[in-house]
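Scroll down for the structure; my scribbles are underneath it.
Given the structure is predicted, the values throughout are model-derived calculations rather than measurements. Every heavy atom of this structure was used, including side-chain atoms; hydrogens, water molecules and symmetry mates were not. Note that ligands are numbered from 1 as they come in the structure, with each ligand's atoms numbered from 1 the same way.
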Amino acid sequence: MGVFRQAILSLLAIFLLSLSWQAFGSPSSSSGSFIRCLLSHSQPCHPISRAIYTPNNSSYSSVLQSYIRNLRFNTSTTHKPFLILTALHESHIQAAVLCAQKHNLQMKIRSGGHDYEGVSYVSQVAFFILDMFNLRSIHIDVGSETAWVQAGATLGEVYYRIAEKSKKHGFPASVCPTVGVGGHFGGGGYGNLMRKYGLSVDNIVDAKLVDVNGRLLDRKSMGEDLFWAIRGGGAASFGVIVSYKIRLVRVPETVTVFRVAKTLEENATDIVHRWQTVADKLDNNLFIRLFLDVVNIGTHGKKTGRATFLALFLGDSKKLVSVMSKSFPEMGLKKSDCNETTWLQSVLFWTNFPLSTADDVLLRRIPQTLTYLKRKSDYVKEPISKEGLEVIWKRLIELNALNAVILIFNPYGGRMGEIPAEETPFPHRAGNLAKIQYVVNWNEAGKDVTDYYINLTRKLYRYMTPFVSKNPREAYFNYKDLDLGINHNGKKSHRQGRVYGIKYFKGNFKRLVKIKTKVDPGNFFRNEQSIPTLPYSRK
Ligand SMILES: Cc1cc2nc3c(=O)[nH]c(=O)nc-3n(C[C@H](O)[C@H](O)[C@H](O)COP(=O)(O)OP(=O)(O)OC[C@H]3O[C@@H](n4cnc5c(N)ncnc54)[C@H](O)[C@@H]3O)c2cc1C
Ligand SMILES: *[C@@H]1O[C@H](CO)[C@@H](O)[C@H](O)[C@H]1NC(C)=O
Ligand SMILES: *[C@@H]1O[C@H](CO)[C@@H](O)[C@H](O)[C@H]1NC(C)=O
Ligand SMILES: *[C@@H]1O[C@H](CO)[C@@H](O)[C@H](O)[C@H]1NC(C)=O
Ligand SMILES: *[C@@H]1O[C@H](CO)[C@@H](O)[C@H](O)[C@H]1NC(C)=O
Ligand SMILES: *[C@@H]1O[C@H](CO)[C@@H](O)[C@H](O)[C@H]1NC(C)=O
Ligand SMILES: *[C@@H]1O[C@H](CO)[C@@H](O)[C@H](O)[C@H]1NC(C)=O
């Protein structure tokens with residue numbers, strides 16, 4: 001390495017160190033005046049002091065850690081907030097927004113904490129967290145088939161409360177019960193009802209939000225532009241979501257699930273190839289997710305590829321077997337592979353609880369397992385050929401020395417193909433066969449380990465280039481990936497915001513920027529991948 005380059009690198013290192021030192025040193029002077037500002041906004045019936053946690057409070061660490069869902073950001077070197085405000089009332093949110101602007105502070109908003117990159121609770125500059133977990137009421141109105149759900153509710157709580165009132169209703173969102181409403185609905189939200197009913201955001205009819213001026217707005221008072229933006233454009237760019245009003249969807253009292261695995265020795269490649277030609281065209285009542293991973297077979301540590309098909313059918317097993325034998329006989333589904341159950345239990349089954357686990361496990365706020373993780377996403381427009389699949393298996397087996405990688409394919413089609421791409425900020429509609437999620441999990445801290453797995457994820461993503469969408473290479477906003485918009489040399493690309501913006505939102509990015517510029521011209525609601533404002537706009 002040249003002396004010159006080395007000098008630059010050490011300068012850079014010093015610069016970075018000083019940055020992180022700044023971020024660590026809590027801005028105690030501004031912290032004090034910020035707290036005074038918060039207290040001055042306190043309402044007698046809703047004292048804000050009970051919601052303020054600074055590092056000198058003995059509960060600070062446990063409050064911070066309670067909603068960290070990626071252990072990569074649970075280390076001593078992770079930048080910590082100088083304050084956490086655990087809002088107990090709307091007025092606390094309003095105070096946070098007004099006082100943070102007055103003191104020019106970075107605010108991060110956290111609901112369920114599932115952001116893959118920790119964007120809701122980590123920052124490279126001094127910051128505080130507005131934590132929403134206390135605001136989690138759920139009001140179901142079966143008569144009008146709607147519900148108001150607060151941002152801090154988890155999806156498991158939403159599903160449980162719906163089922164308490166009605167066995168014939170559900171809601172299309174993730175099957176991971178600990179995910180938070182605030183981030184999930186704000187960024188799209190999909191689950192196994194997607195082919196029948198679309199995304200979470202396709203079923204939101206109203207919202208309450210605190211805007212940059214500290215006003216509490218609903219759909220009518222915020223207007224249709226802002227209401228459009230907070231249904232998939234990433235609500236954190238536009239305001240603080242207090243609650244969403246959702247439209248419940250109808251589900252039968254009996255649904256059917258199955259999980260069937262095939263190894264390469266059991267013709268996984270042929271079946272996967274066939275899956276790609278049917279999964280997006282099947283009966284809308286049927287959703288079959290596909291997992292590709294690597295397992296050991298025999299006793300000699302031989303590795304092979306495995307395809308696992310996980311399904312939800314909105315109907316009974318007899319009908320399911322008949323649909324499958326007509327549309328997808330290659331899988332050879334038998335009635336004995338199927339389990340009939342309730343919709344609520346199907347969520348448990350999908351998230352790896354055994355059937356007949358008590359329903360109220362959905363109310364548990366702590367995930368079954370926590371790992372160190374990195375995620376990426378891609379869209380598949382055309383079926384991958386058998387030869388292509390062989391290449392992918394080979395790469396997976398090569399990379400998967402430590403059983404860390406899974407590819408998850410979620411089929412599109414059905415209702416997803418009918419909703420116009422401009423209807424909500426989420427643009428990946430007709431013309432998509434499936435979305436791939438790259439899952440890489442590990443269980444150890446340390447910089448080298450982290451680098452190793454992050455490198456591995458990027459390698460996998462490179463290998464997949466020929467098989468996925470191009471110009472742009474699309475990505476799902478809720479699968480936050482801070483690599484997007486970063487060049488190979490690790491530097492932010494020129495107009496980085498546009499790079500991730502187009503990947504996440506395609507043609508809708510422009511409208512998001514326009515709305516952002518109008519409702520938050522000072523860019524108060526910002527984070528690592530927020531919607532940028534127009535650079536030279538005056539208003
Ligand atoms: C285990 C796991 C499973 C998942 N499964 C799925 C899935 O099946 N389908 C799917 O679509 N996604 C899934 N995701 C991704 C998930 O939808 C996103 O991470 C989502 O943003 C999480 O919402 P949250 O409130 O839990 O996260 P948070 O980390 O709290 O928030 C995520 C983002 O939203 C912002 N935000 C949070 N609350 C508010 C608010 N009240 N107002 C404004 N902005 C807010 C945050 O600032 C942050 O930018 C999964 C994630 C994990 C970790
Ligand atoms: C920490 O904050 C909580 C809630 O505001 C408060 O009840 C408690 O007394 C505080 N503890 C300390 C050590 O300041
Ligand atoms: C804790 O920190 C806050 C703000 O930094 C300060 O106002 C308060 O006096 C401190 N409390 C204690 C008990 O040290
Ligand atoms: C997060 O880190 C803290 C401090 O090291 C530790 O006590 C805690 O167990 C960690 N959380 C998890 C889920 O591992
Ligand atoms: C795999 O396919 C071959 C050729 O079509 C067939 O003969 C064989 O029985 C299949 N194996 C399994 C386990 O299904
Ligand atoms: C699921 O279905 C299988 C096969 O029909 C059956 O043996 C099993 O008992 C069922 N499990 C539950 C919990 O119903
Ligand atoms: C990760 O990749 C970078 C850049 O290619 C390389 O410098 C580094 O050594 C790799 N780290 C590990 C642990 O593999």
Query raised in the report: Do Phe128 and Phe34 pass the ring-ring contact (aromatic ring centres under 6.0 Å, His included) test, and can you show the C-alpha distance, the side-chain angles, and the key distance before you say yes or no?
Result: CA-CA 10 Å; Phe128 75 98; Phe34 178 59; 4.7 Å; yes
Query raised in the report: Are Lys319 and Asp283 side-chain neighbours, meaning at least one heavy-atom pair lies under 4.5 Å?
Result: yes
Report task. Please confirm whether Asn455 comes within less than 3.5 Å of ligand 7 when only nitrogen or oxygen atoms on both sides are compared. Result -> yes
Query - Working for ring-ring contact (aromatic ring centres under 6.0 Å, His included), residues Tyr379 and Tyr476 - result: CA-CA 9 Å; Tyr379 280 87; Tyr476 174 36; 7.6 Å; no
Report task. Indicate whether atom 14 (O) of ligand 7 is within a distance of less than 4.0 angstrom of some protein heavy atom. Result -> yes
Query raised in the report: Roughly how far, to the nearest 0.5 Å, is CG of Leu155 from CZ of Phe185?
Result: 5.5 Å
Query raised in the report: Taking only heavy atoms of Asp448, which atoms of ligand 7 are found under 4.0 Å from at least one of them?
Result: 13 (C)
Report summary line: of all protein heavy atoms, closest to atom 8 (C) of ligand 5 is Asn267 ND2, 3.8 Å
**Report entry** Between Phe133 and Tyr67, ring centroids under 6.0 Å
**Finding:** yes
Query - Residue pair Asn410 / Ile408, side-chain heavy-atom distance below 4.5 Å - result: yes
Requested in this report: Return the orientation label for the Tyr504 and Phe477 ring planes: parallel under 30°, perpendicular over 60°, tilted otherwise.
Outcome: perpendicular
Query raised in the report: Is Leu71 touching ligand 4 with its side chain, its backbone, both, or neither, if touching means heavy atoms under 4.0 Å apart?
Result: side chain
Query - Minimum-distance protein heavy atom relative to atom 2 (O) of ligand 4 - result: Asn74 ND2, 2.4 Å
Requested in this report: Under 4.0 Å from a heavy atom of Tyr452: give me the atoms of ligand 7 that qualify, with their elements.
Outcome: 13 (C)
Query - Protein heavy atom at shortest distance from atom 4 (C) of ligand 4 - result: Gln65 NE2, 3.9 Å
Query raised in the report: With a cut-off of 4.0 Å, which atoms of ligand 4 are near a heavy atom of Leu370?
Result: 13 (C)
Query raised in the report: Is there a protein heavy atom at a distance of less than 4.0 Å from atom 11 (N) of ligand 7?
Result: yes
